[in-house]
J.: 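Quick one: the structure is below, questions incoming.
Side-chain atoms are counted along with the backbone in the values below, which use heavy atoms only and exclude waters and symmetry mates.
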Amino acid sequence: MKKSEGIAWLCVSIACFFLMSASILFMPINFVAVGMKYVDHLIGISFWVFLSAGIATQIVLNLKRLAWLKKNKIRANHSVFGVGLITFMKNAPACVADGAVVVSLFCLVISSIATEASGYICCVFAALLSFSFCMHCILNGKIYHFLKNRDRILKNSKKHIG
């Protein structure tokens, strides 16, 4: 896998997760009242389609990463730095995403308590939380680490082999 190809797939994945989170912003709007009968169904469908597409692109990226490691005769455990779900603060962009998860979760809880349950601000914080959580998983994960350090991984593996 070329590095540019991997970055393009990663951008597609991030865009899918962004659109999935953005669809949350449209869920509380009553489109039936203005004569758009099926828009709410389309928004729900788009949420699941973009979530599935984002996960699918991550799976494809991981398969491409493993194929590249196998092709270059690098054991996969050399590039494993933890699953993005449970690791934190692995690099500067991940620190931003991790901070955004904490802040948006805090704001969501506070806004849920302080406002009505149907307050639109809760949907905004839910969308921010879902996107920042997806970014946390991506930026702390193996795929991002691999794409960022691919050349160094190859160089270090040649040292160990030769």
J.: For residues I7 and I14: do they belong to one hydrophobic cluster (side chain heavy atoms under 4.5 Å, members Ile, Leu, Val, Met, Phe, Trp, Tyr)?
T.: no
J.: F131, I55: one ILVMFWY side-chain cluster at the under-4.5 Å cut-off?
T.: yes
J.: Would you indicate whether the side-chain heavy atoms of I143 and I138 approach each other to under 4.5 Å?
T.: no
J.: How many angstroms lie between OG in S52 and CD1 in I59, if you round to the nearest 0.5 Å?
T.: 9.5 Å
J.: Do K142 and R65 make a side-chain contact, defined as non-hydrogen atoms from C-beta onward lying under 4.5 Å apart?
T.: yes
J.: What closest approach, in Å, do A126 and L108 show between heavy atoms, and which atom pair accounts for it?
T.: N-CD1, 4.0 Å
J.: Going by side-chain contact (heavy atoms from CB on, under 4.5 Å), name the residues that satisfy it together with V39, two or more places apart in sequence or in a different chain.
T.: F31, M36, I43
J.: Any pair with a residue in residues 7-25 that passes side chain to side chain donor-acceptor pair (under 3.5 Å), sequence neighbours left out, goes on the list, sorted by first then second residue, please.
T.: S13-T57, S13-Q58, S21-S130
J.: Mind checking the CG-CG spacing from N156 to D151? Nearest 0.5 Å is all I need.
T.: 11.0 Å
J.: How long is the span from the CG atom in L69 to the CD1 atom in I74, to the nearest 0.5 Å?
T.: 5.5 Å
J.: Establish whether W68 and L66 are linked, either directly or via other cluster members, by ILVMFWY side-chain heavy-atom contacts under 4.5 Å.
T.: yes
J.: Any link between I113 and F125 through a network of hydrophobic side chains (Ile, Leu, Val, Met, Phe, Trp, Tyr) touching at under 4.5 Å?
T.: yes
J.: Check whether any side-chain heavy atom of W48 lies under 4.5 Å from a side-chain heavy atom of L51, and answer yes or no.
T.: yes
J.: How many angstroms lie between SG in C123 and CG in L129, if you round to the nearest 0.5 Å?
T.: 12.5 Å
J.: Does the side chain of L61 reach to within under 4.5 Å of the side chain of M1, using non-hydrogen atoms?
T.: yes
J.: Could you check whether atom NZ of K70 has more than 12 heavy atoms from other residues, nucleotides or ligands sitting under 6.0 Å from it?
T.: no
J.: Go through the structure and list residues passing ring pair (Phe, Tyr, Trp, His ring centres under 6.0 Å) with F133, not counting sequence neighbours.
T.: H136
J.: To the nearest 0.5 Å, what is the distance between NZ (K2) and NZ (K64)?
T.: 11.0 Å
J.: Determine whether S46 and M20 make a side-chain contact, defined as any pair of heavy atoms from C-beta on separated by less than 4.5 Å.
T.: no
J.: When you compare the side chain of L139 with that of K90, does any pair of heavy atoms fall below 4.5 Å?
T.: no
J.: In the structure I gave you, are the side-chain heavy atoms of R152 and N149 within less than 4.5 Å of one another anywhere?
T.: yes
J.: For the CZ atom of R150 and the CG atom of L154, what is their distance to the nearest 0.5 Å?
T.: 7.5 Å
J.: A side-chain contact here means heavy atoms from C-beta on lying under 4.5 Å apart; do N91 and Y144 qualify?
T.: yes
